[in-house]
Amino acid sequence: MTETKHMHWSEWLAEKVIEEKKEPYVITAGMTTSGPLHYGTLCEFLFPFAIKKALEKRGKECKYYFIADIMDAFDAVPASMEKYKEQLEPHLGKPLCNVPDPTGKSRSFGDHYLDEARELTKKFHITTEIIRINEYYEQGKFDEYARFFLKHEDEARTIVEETSGKQEKKGWSPIMPICEKCSRIATTRVTKQDGETYEYVCDKDVKYTKGCGYQGTNKISDHKYKIVWRLHWPTWKQIFKTSIEGAGIDHHTKGGSEDTCKAITLNLMKKDYHIPYRYGFILFQGKKYSKSKGTGMGVSEVIKLMPPEIIKYMLLKPDLEENIDINPTSEILLRTIEDFEGASQIDPNKEEVSRSDRKRAIAFGLSTDKKNWNASFLDVALYQQLYHDWNKVAELTGDKNGVAYLKPYIEEWVAKGFLPEEYRSEYRLGTLPVTDNVKKLFKVLDSNIDGATVHNKIFEFSKENNITPKEMFKQIYEALLGKEKGPRAGKLIAAIGIERIKKDLGTL
Ligand SMILES: [Zn+2]
């Protein structure tokens, strides 16, 4: 590998793919959609997409398949579906794609959350081909692998046990039959097989549900089975001809499924291995996401507060293996918006650009093609608070289109009461007491200076008049806004207009 220090992770992974694999490249990713979306879900879609973009930027052709693993057993009713509990509980243990969606919106329970994920990819402009894996099983695309594993059952079992560090129970099988009587997949076990035909019994107790006791016989060619996870994962990489696929750090720990995947591919299937990569945990306020508990402010809420490209930027900027902790307080979100706006100004190809700034610029480029506004988000919010008039805001910022783009987000900040106190400002000069210092300051201020100059002038004025800048700022805020704190004073004064303040002071 070449020098990677200056590269964003998507770049060095793309380079590695080009170096080691043959075109057309295939990126795969997948997840089980069994509960509401969270930031982790978004990353499952976003990270591979970033690699795709990096490959395409290098003129390479590549495919990105996202596998919806909805044949997995439905094992718990998520908190958000609590009201459908009675309806859903009888279906526990069935493949997610065979559990009805209680809301009636989607084809199945697994599809319910998959469809939400689909919507999410649209909002975030992530393009991928979503594969419902049950269709691949129904079409028999897994059959030759299922037969292969049944034939090599003992070897497969040994590899699974060695790599996971766990003894499998007696009766372990490479496949999980779907019970013909009760439709459950979690409760069955194979009792006999000849590589094509298998006998099974539905008698397992998996705590959240129990088997029905049925005994049956089926054939692989009936497509009423799923391969167990640790063999299913390497199999899909063969089916899709994966060049690169990542997984969370939990799959990459000792005993995790990554080790099994590699050993099965190399030692049992005798195939080439794809390029694996691993990423850190996506935490929410320091904690791992929990399906049963849900979280605080989710993706669907944060996307109302800032454009999706900023959320993408926030998730793509950190190093790949770093844990990302989402903590959407108003201060942190505003800082992220400013960080994004700053990143849009960086040219990653300039020689003097620092390593971290280069990564910011690349993360920006992966998030969007261009920034849709010129005035800063905070300025737009400030003008809106001072004037409550969007036309005036557009006029003052000189960014009509940008203001129109940001308008719904800022309105949401206001409606939610999410703007920090200092930005909730109303111009009230004339109704409030004004100190002599403030009057004197505006007498000496030129009308045509910008915010930064005003800021410096306030410091100069304080020094000359023996008052601490802190006290001076306080007096300004009290005169203009009727409170002790506010947005940066220079910016505030420029936003209101020095001429206007002078005029209003003159009448006092
Ligand atoms: Zn059964």
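Below, each value reflects all heavy atoms present in this structure, side chains not excepted, and no hydrogens, waters or symmetry copies. First listed ligand is number 1; within each ligand, the first listed atom is number 1. All figures in this text were calculated on a predicted structure; none of them were measured in a lab.
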The expected count of protein N/O/S atoms at less than 2.8 Å from the Zn ion (ligand 1) is 4
Does this structure show an ion pair linking Arg157 with Glu161, if we count only N-O contacts that are shorter than 4.0 Å? yes
Could you tell me whether Tyr225 and Tyr137 have their ring centroids closer than 6.0 angstrom? yes
Got a donor-acceptor contact below 3.5 angstrom from the Thr188 side chain to the Pro177 backbone? yes
Are His223 and Phe142, when compared by the centres of their aromatic rings, separated by less than 6.0 Å? no
Describe, in one word, how the ring planes of Tyr214 and Tyr200 are oriented to each other, choosing from parallel (under 30°), tilted (30 to 60°) and perpendicular (over 60°). tilted
Do Trp413 and Tyr423 have their ring centres less than 6.0 Å from each other? no
